[in-house]
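Every number for a ligand or one of its atoms is a count from 1 in the order of the listing. Here the structure is a predicted model, which is why all the values come from computation and not from measurement.
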Amino acid sequence: MQSLHLETLLSTDQIRAKVQELATQIRADYGDSEILLLGVLKGSFHFLSDLSRLLYDISVVDFVQVSSYGAEKSSSGVVQIRKDLDTNIEGKDVLIVEDIVDTGTTLTHLRELLGTRKPRSLKVVALLSKPEARKHKTQVEYVGFEIPNEFVVGYGLDYGERFRNLPYIAILHED
Ligand code: IMP
């Protein structure tokens with residue numbers, strides 16, 4: 001039987017401090033303008049929850065859910081919208097909230113799609129980034145941690161829906 005074990009990569013305290021740092025930076029950049037925090041389901045929900053409470057007085061939230069088809073399933077690597085936003089983003093300051101940027105496929109398509117809806121600004125905050133895994137060059141304005149090219153779980157990130165609610169981030173090893 002396959003056995004899995006977790007190796008802590010980022011502790012709850014490290015994550016908390018980083019989210020605080022990101023919120024301070026975002027506040028400084030946006031001033032008093034209202035920000036639409038757009039969570040990408042499901043992985044971003046813990047991050048969005050913590051970040052949005054630190055920006056409670058200047059933010060509103062909405063969600064989008066996408067499904068990506070990698071190169072093995074489709075040559076175009078198309079990202080499909082499974083749940084669209086409820087908000088009309090025209091003229092708004094939209095900040096996409098992502099758990100992790102891996103190949104960059106999801107963000108590239110999401111940025112393209114949302115860009116056509118004429119927001120006033122469109123930026124991205126990602127808690128994690130794996131620069132070595134990048135296949136599509138995509139802009140990420142705020143990055144929490146750059147991590148090695150390993151599969152990680154916790155704080156929203158799952159492995160077949162498991163480990164999503166772990167309060168820290170761990171590398172998942174399969175023995
Ligand atoms: P990308 O389109 O390749 O950048 O992948 C983005 C999505 O893949 C993320 O939003 C996650 O849902 C998922 N993903 C990428 N790397 C990991 C990982 O290490 N653990 C869990 N999910 C991941």
Problem - Proximity to ligand 1 by part of Thr105, non-hydrogen separation under 4.0 Å - result: both

Practice task
Ignoring angles and geometry beyond distance, decide whether Leu107 reaches within less than 3.5 Å of ligand 1 through its nitrogen or oxygen atoms.
Solution key: no

Exercise for the section: On the 0 to 90° scale, with breaks at 30° and 60°, tag the Phe47-Tyr155 ring pair as parallel, tilted or perpendicular. Expected result: tilted

Handout entry: Ligand-residue contact atoms, ligand 1 with Lys130, heavy atoms, under 4.0 Å
Key = 16 (N), 17 (C), 18 (C), 19 (O)

Handout entry: Region of Asp99 that comes within reach of ligand 1 [heavy atoms, distance under 4.0 Å]
Key = side chain

Practice task
Look at ligand 1 and say whether Gly104 reaches it with a heavy atom at a distance under 4.0 Å.
Solution key: yes

Handout entry: Cationic N near anionic O, under 4.0 Å, Arg27 to Asp32
Key = no

Handout entry: Donor-acceptor contact present, side-chain Asp62 to main-chain Asp86, <3.5 Å
Key = yes

Exercise for the section: Establish, yes or no, whether the cationic atom of Lys18 lies under 6.0 Å from the six-membered ring centre of Phe145 and within 45° of the ring axis. Expected result: yes

Problem - N or O contact, Val152 vs ligand 1, cut-off under 3.5 Å - result: yes

Practice task
Please could you name the atoms of ligand 1 that Asp158 approaches to less than 4.0 Å, counting only its heavy atoms?
Solution key: 21 (C)

Problem - Test item, Leu128 contacting ligand 1 (heavy atom, 4.0 angstrom) - result: no

Practice task
Would you mind finding which of Asn149, Leu157, Thr106, Val153 brings a heavy atom closest to atom 7 (C) of ligand 1?
Solution key: Thr106

Practice task
Consider ligand 1: state whether an atom of it lies below 4.0 angstrom from any non-hydrogen atom of Glu150.
Solution key: yes

Practice task
Report yes or no: does Arg134 contribute a side-chain atom to a donor-acceptor pair with the main-chain N or O of Lys130 at less than 3.5 Å?
Solution key: yes

Fill in the blank from the handout: Restricting to heavy atoms, the pick from Ile100, Thr103, Val79 nearest atom 9 (C) of ligand 1 would be Ile100

Problem - Salt bridge Lys42-Glu161, side-chain N to carboxylate O under 4.0 Å - result: yes

Exercise for the section: Look at Arg117 together with Asp84 and state whether they make a salt bridge at an N to O cut-off of under 4.0 Å. Expected result: yes

Practice task
Decide whether Ile26 and Val140 are clustered together by the hydrophobic rule: side chain heavy atoms of Ile, Leu, Val, Met, Phe, Trp, Tyr closer than 4.5 Å, transitively.
Solution key: no

